[in-house]
Amino acid sequence: MVVKAPAKINLGLAVLKRRSDGYHDLLSIMQQVSLADTLTIEPVRGAGLSFSCSDPSLNGEDNLVCRAAALLAAQTRKALPGVKIDLYKNIPVEAGLGGGSSDAAAALSALNRYWRLDLTAQTLGELGSRLGSDIPFCLQGGTALASGRGEVLQPLPGLSFFWVVLAVPAGLGLSTASVFRALNLEGAPRPPIRRLIAAVQRESREEIVNWLEERHTNSLEAGVVAAYPRLMALKKRMRELGLVPVMSGSGPTFFALTGGARLAGNAVRILRDEGYRAYLCWTERSTR
């Protein structure tokens, strides 16, 4: 079995308040894109799980894929056939693109089929939310409004096709937890996500692009950019290349939507030549 685990971007992210459980309430519109990791799942003799990753630093039982498999296995009392999972990473790590969450979601969905557990999508989402706030969205895919700590989802009309340019400085990764811990809620902007929701519901490309062109689309962006000057330089360079860059999630990746294939392709080539990790992909409707 070969399974894709697509990345996500946050078209908008408003952090509302800190919760008593240590998380934050938020409103965000999440969008699936075509950049994806790949999981291969193979039967093995005997029981148990064998796991390996193309990035050696991500090997080990603490990987979300292994934790998802263990959580899923705990839902049944019957003996489960052994399985070997290989994870091939394409999505940059600690980049605000939900790579680890998507890997876990792909593992939950695929192993549910492989082990013939017949768990519902709702049950898989509930299990996924125990491991990470983005996992329920990664199970669903497409376009959705996320609330709560990110696990409460309302499907939205699928975004029309956009080319997506993703870029991040080489060697820079940020832990989501550390970014939220450093957030000063009093000084952080609160983007008007309801306006973006209306634009998506109207399926208005022009309104979506206009919204992204506004200064504040992500409550976390200003604090992260201030702490990492390389991100300000990246944002400026993307603008010089004719793009409208916006930070995804907790960063440090910036994305830009465009209808121009040549513009997007040229930007990615230039950014790569200048030492950035840059990717050309596109928006996708749900593949689940």
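The figures that follow rest on heavy atoms only: side chains count, while hydrogens, waters and symmetry mates do not.
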Query - Verdict with supporting geometry, D134 and E151, side chain to side chain contact (heavy atoms under 4.5 Å, CB included) - result: CA-CA 6 Å; D134 288 345; E151 85 287 11; over 6 Å; no

Query raised in the report: How about R272: does its CZ atom have over 12 heavy atoms from other parts shown lying under 6.0 Å from it?
Result: yes

Query raised in the report: Hey, does I193 have a side-chain heavy atom less than 4.5 Å from the side chain of W211?
Result: yes

Report task. Measure the OG-CD1 distance between S129 and I135 for me, rounded to the nearest 0.5 Å. Result -> 8.5 Å

Query raised in the report: Counting heavy atoms not belonging to E206, are there more than 12 under 6.0 Å from its CD?
Result: no

Query raised in the report: So does M232 have more than 12 non-hydrogen atoms from other groups sitting under 6.0 Å from CE?
Result: no

Requested in this report: Please answer: with hydrophobic residues joined when any side-chain heavy atoms are less than 4.5 Å apart, are L131 and Y23 in the same cluster?
Outcome: no

Query raised in the report: Got a second to check how far E284's CD is from K4's NZ, nearest 0.5 Å?
Result: 10.0 Å

**Report entry** Pairwise side-chain contact, L80 with L117, heavy-atom cut-off 4.5 Å (strictly under)
**Finding:** yes

Query raised in the report: Are any of the side-chain nitrogens in E214 or R195 under 4.0 Å away from the carboxylate oxygens of its partner?
Result: yes

Requested in this report: Evaluate the side-chain proximity of M238 to L271: yes if any heavy-atom separation is below 4.5 Å, no if none is.
Outcome: yes

Requested in this report: Heavy atoms only: give me the nearest L156-L145 pair and the separation to one decimal.
Outcome: CD1-N, 3.7 Å

**Report entry** Shared hydrophobic cluster, L234 / L241 (ILVMFWY, side-chain heavy atoms < 4.5 Å)
**Finding:** yes

**Report entry** Contact check, side chains of L13 and T217, non-hydrogen atoms, under 4.5 Å
**Finding:** no

Query raised in the report: Hey, any chance L166 and L243 share a hydrophobic cluster, counting ILVMFWY side chains that come within less than 4.5 Å of each other, even indirectly?
Result: no

Query raised in the report: Is any side-chain heavy atom of S160 less than 4.5 Å from a side-chain heavy atom of E203?
Result: no

Query raised in the report: When rounded to the nearest 0.5 angstrom, what is the spacing between CZ in R194 and CG in L27?
Result: 5.0 Å

Query raised in the report: Is it the case that more than 12 heavy atoms not belonging to Q122 sit under 6.0 Å from its CD atom?
Result: no

Requested in this report: Mark yes or no for whether D37, through its side chain, and I91, through its backbone, hold a donor-acceptor pair below 3.5 Å.
Outcome: yes

Query raised in the report: Do any N or O atoms from the side chain of S178 and from the backbone of S175 form a donor-acceptor pair under 3.5 angstrom?
Result: yes

Report task. Give a yes/no verdict on a cation-pi contact between R205 and F162, requiring under 6.0 Å between NZ or CZ and the six-membered ring centre and an angle within 45° of the axis. Result -> yes

**Report entry** Point-to-point distance, once rounded to the nearest 0.5 Å, from CG of L35 to CZ of F255
**Finding:** 14.0 Å

Query raised in the report: Any idea which heavy atoms bring E221 and K235 closest together, and the distance?
Result: OE2-NZ, 2.5 Å

Report summary line: CG (L26) and OG (S133) are apart, to the nearest 0.5 Å, by 7.5 Å

Report task. Answer yes or no: is there a donor N or O on one side and an acceptor on the other, between the side chain of S102 and the main chain of P6, under 3.5 Å? Result -> yes

Query - Atom CZ of R116 with >12 non-hydrogen neighbours under 6.0 angstrom - result: no

**Report entry** L159 backbone acceptor or donor facing T143 side chain under 3.5 Å
**Finding:** yes

Report task. Please check if the side chain of Q140 supplies one atom and the backbone of P136 the other of a donor-acceptor pair under 3.5 Å. Result -> no

Query - Polar side-chain atom of N10 near backbone of G12 as donor-acceptor pair, under 3.5 Å - result: no

Requested in this report: For K84 and T40, indicate whether the former's side chain and the latter's backbone hold a donor-acceptor pair under 3.5 Å.
Outcome: no

Query raised in the report: Is V83 close to S50 at the side-chain level, that is, under 4.5 Å between some pair of heavy atoms?
Result: no

Report task. Indicate the ring-plane relationship of F180 and H24, choosing parallel, tilted or perpendicular according to the 30° and 60° boundaries. Result -> tilted

Query raised in the report: Under 4.5 Å between any side-chain heavy atoms of Y276 and V168, yes or no?
Result: no

**Report entry** Same apolar cluster: L111 and Y88, side chain cutoff 4.5 Å
**Finding:** no

Query raised in the report: When clusters are formed by joining ILVMFWY residues with side-chain heavy atoms under 4.5 Å apart, either directly or through shared neighbours, do I9 and I197 land in the same one?
Result: yes

Query raised in the report: Backbone N or O of L124 within a donor-acceptor pair of the E126 side chain at under 3.5 Å?
Result: no

Report task. Give the minimum heavy-atom separation between V3 and R113, together with the two atoms involved. Result -> CG2-NH2, 4.3 Å

Requested in this report: Give the intermediate values and the outcome of side chain to side chain contact (heavy atoms under 4.5 Å, CB included) for residues L11 and M30.
Outcome: CA-CA 6 Å; L11 300 178; M30 295 184 178; over 6 Å; no

**Report entry** Minimum heavy-atom distance between R149 and G132, given as atom pair plus value
**Finding:** NH1-C, 4.3 Å

Report task. Specify the closest pair of heavy atoms between T176 and S250, including all atoms of both residues, with the distance to one decimal. Result -> OG1-OG, 3.0 Å

Requested in this report: Write down the atom of R277, the atom of A170, and the distance for their closest heavy-atom approach.
Outcome: NE-CA, 4.0 Å

Report task. Give the C-alpha distance, both sets of side-chain angles, the deciding distance and a yes or no for side chain to side chain contact (heavy atoms under 4.5 Å, CB included) between L257 and V209. Result -> CA-CA 8 Å; L257 304 184; V209 170; 5.6 Å; no

Query raised in the report: Between CG of D86 and OG of S54, what distance do you get to the nearest 0.5 Å?
Result: 9.5 Å

Query raised in the report: So, K89 and D103, do they make that salt bridge, N to O below 4.0 Å?
Result: yes

Query raised in the report: Are the side chain of N112 and the backbone N or O of L119 linked by a donor-acceptor pair below 3.5 Å?
Result: yes

Query raised in the report: Is it the case that T283 and Q31 place a side-chain donor and acceptor less than 3.5 Å from each other?
Result: no

Query raised in the report: Are any non-hydrogen side-chain atoms of L231 and F254 less than 4.5 angstrom apart?
Result: yes

Requested in this report: Apply the test side chain to side chain contact (heavy atoms under 4.5 Å, CB included) to residues L72 and W115: give CA-CA distance (whole Å), side-chain angles for both, the deciding distance (0.1 Å), then the verdict.
Outcome: CA-CA 10 Å; L72 197 62; W115 283 332; 4.2 Å; yes

Query raised in the report: Sub-3.5 Å donor-acceptor pair from the side chain of S219 to the main-chain atoms of A188, do we have one?
Result: no

